[in-house]
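The block underneath contains the structure these notes are about, expressed in structure tokens.
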Amino acid sequence: MTPKLGSCYYPEHWSEEQWQKDADDMINSGLAWVRIGEFAWSRIEPEEGVYNFEWLDRAISILGSAGLNIVMSTPTATPPRWVIDKWPDMLIVDADGRARQSGSRRHYCFSHEGYLEEAIRISEIIAKRYGDNSFIKAWQLDNEYGCHDTTLSYSRSALKAFRRWTLKKYKTIEQLNESWKNVFWSMEYNDFEQIQLPNLTVTDPNPIHSLDFKRFSSDQVIKFNRSQSQVLRKYTQVPLMHNYMGRITDFDHFEVGKDLDIASWDSYPLGFLEDRSNQSDSFKNKFMRFGDPDFQSFHHDLYRSVGNGRWWVMEQQPGPVNWAPYNPEPANGAVRLWTWEAIAHGAEVVSYFRWRQAPFAQEQMHAGLNRPDGVKAPGLSEASQVFSELKEFDSIDQVQSKVALIFDYESCWAWEVMPQGKDFTYFELVYDYYRALRSLGLSIDIIPPNAIDLSDYKVLLLPGLMHIGDQLESAIKEFDGVIISGPRTGSKTLDMSIPINLPPVVPGIKGTVARVETLRPKAEIPIKDQGYFKKWMETLVDSDNVIKFCDDGRPAIIGNEKNLYIAGWADQDTLRSIFTDICADQEISITHLNDCVRIRETSTHRFWFNFSEEESTVGSIKIPASGVFWEAI
Ligand code: GAL
């Protein structure tokens, strides 16, 4: 596969006279793809049933004739004002019961049936017009589901749909009462119509009520996406995709991905570091011009799996963004580094957001590949450099990694509902394991919790997985590599209760979690001859095989060398040391890296990335400042 570059373009933001030059400049800069149309509804259909496609026809023809492949989009993330006037109750409602207003974007509730029809209707009209247009080589559905906290809605429509969802799942109210154990606090219902949404309760709602609401909300996203994909497939043969976001976990991306052909995501390394990372200030200062060295790759690996091997970066940060608490400039070379890293992880296309900075509206302070006056911004020359460098490669292909890490959206929801300690988040737990593996130079596959074939892996990690489903259980029983689980793995039933014989319910692990405790920041439980546990600690009893103890005498790791259960949230050094031993046993070669250097292997090359403004040396390898080094393997 030969990776390509692209950009996001908004013909409706610029005068028509500029389009031809923009298209030619894109081609001359080495871009092959352009994404358009995802926010253009008010220009396509300014009033209900009044269509204005001529401008878009011309834009498509100019861009396509210049040699660009077009990603056409459905515009359903930005319903125009008249749609809201038509369906005033389509607005998403927050947990405090307030409708979130129009005037920006993503203001719709996934459960509103009128809006769903409206979204299908406009998608169908656009698909009919352009479905067989030869310049259009892919479609994007909507834009960033769930972004701006828009998956969960506490509207009347959501309530109605949630009642239907519970009826379908539990069939009788007795069964729901039994599964939810509503006897607790006299919460039993006589009828599905009595069920409310789990907001505005005096104290915590029943955790299974909240978890089911999250499951339902995820299903609504799946349904919304599916209804668009079904309509598009009637008119087009080209691949369908969606642009997911970073660290948005409110819906099951694996399930949404099943109705699409390619996964894509929007990679804003500096925005994410400022906006959605709990790292310390000193870490953020250190990486303020590169972003967290593991964050982008985590999502590359996750979305490669969501796309079943096929994935893109649809929006790559090209310069400072506007939306994080602080918006620094990328280091010189960082845009090139991010692009190469995505390519090394298998991106088919890296497309920059956006071609030209808009001098108006919400994102006027967000850089583009070009300045608002049309002069090239630094990101563009770095993109063009990648374009030239790519000529060295016939093809860049992925190989299966030896290490697989499970990521489970349902566990995210379960532990949001029941964190037990303020600092327990599933994403961060899995991410800590990922970071420790990456710091050993490993390439990692992130896989879903219902993986059925583990045969080519040597190590499987499933930290914090709330429940091991039947499929995974069978796959684990067949697996002859090393399994690492805990903490919190196999600790709940699907009904969000404690398993009757107590956790962990993990095949092959003998032991019982007698108690758990969560720890204040900086409180640590030392592990003998190792580092420490933080945030979360389990007291394990009845285990006949303790591999390691804590200083206080409690088991730290139980199991055997092929199946380990870790009793708490271990620090990075401890995780690294556990993984180092396992890799030695499994004959997986590792390279100890400092926190600025990362490696990714493809089928033919080893790529080294340096997230620092100074040259880094690892053994005999020198990785230039803010740079990339590759070698054939
Ligand atoms: C993304 C979004 C784009 C643009 C960009 C700015 O989340 O899809 O439309 O807003 O952020 O960084």
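Numbering of ligands and ligand atoms starts at 1, following listing order. Numbering of residues begins at 1 and proceeds along the displayed sequence.
For ligand 1, the protein residues within 4.0 angstrom (heavy atoms only) are Phe39, Arg105, Asn143, Glu144, Met245, Asp266, Tyr268, Glu315, Trp323, Phe353, Glu363, His366.
A salt bridge is defined here as a Lys NZ or Arg NE, NH1 or NH2 lying under 4.0 Å from an Asp or Glu carboxylate O, and Asp261 with Arg233 meets this definition. With salt bridges taken as basic N to acidic carboxylate O contacts below 4.0 Å, none links Arg215 and Asp252.
One finds the NE2 atom of His345 at 8.5 Å from the CD1 atom of Ile444 (value rounded to the nearest 0.5 Å).
Geometric assessment of Arg58 against the ring of Trp19 yields a negative cation-pi assignment under the 6.0 Å and 45° thresholds.
Partner of His366 under the ring-ring contact (aromatic ring centres under 6.0 Å, His included) criterion, chosen from Trp323, Phe353, Phe360, Tyr352: Phe353. Between Tyr244 and the options Tyr303, Phe254, Trp265, Trp311, a ring-ring contact (aromatic ring centres under 6.0 Å, His included) holds for only Tyr303.
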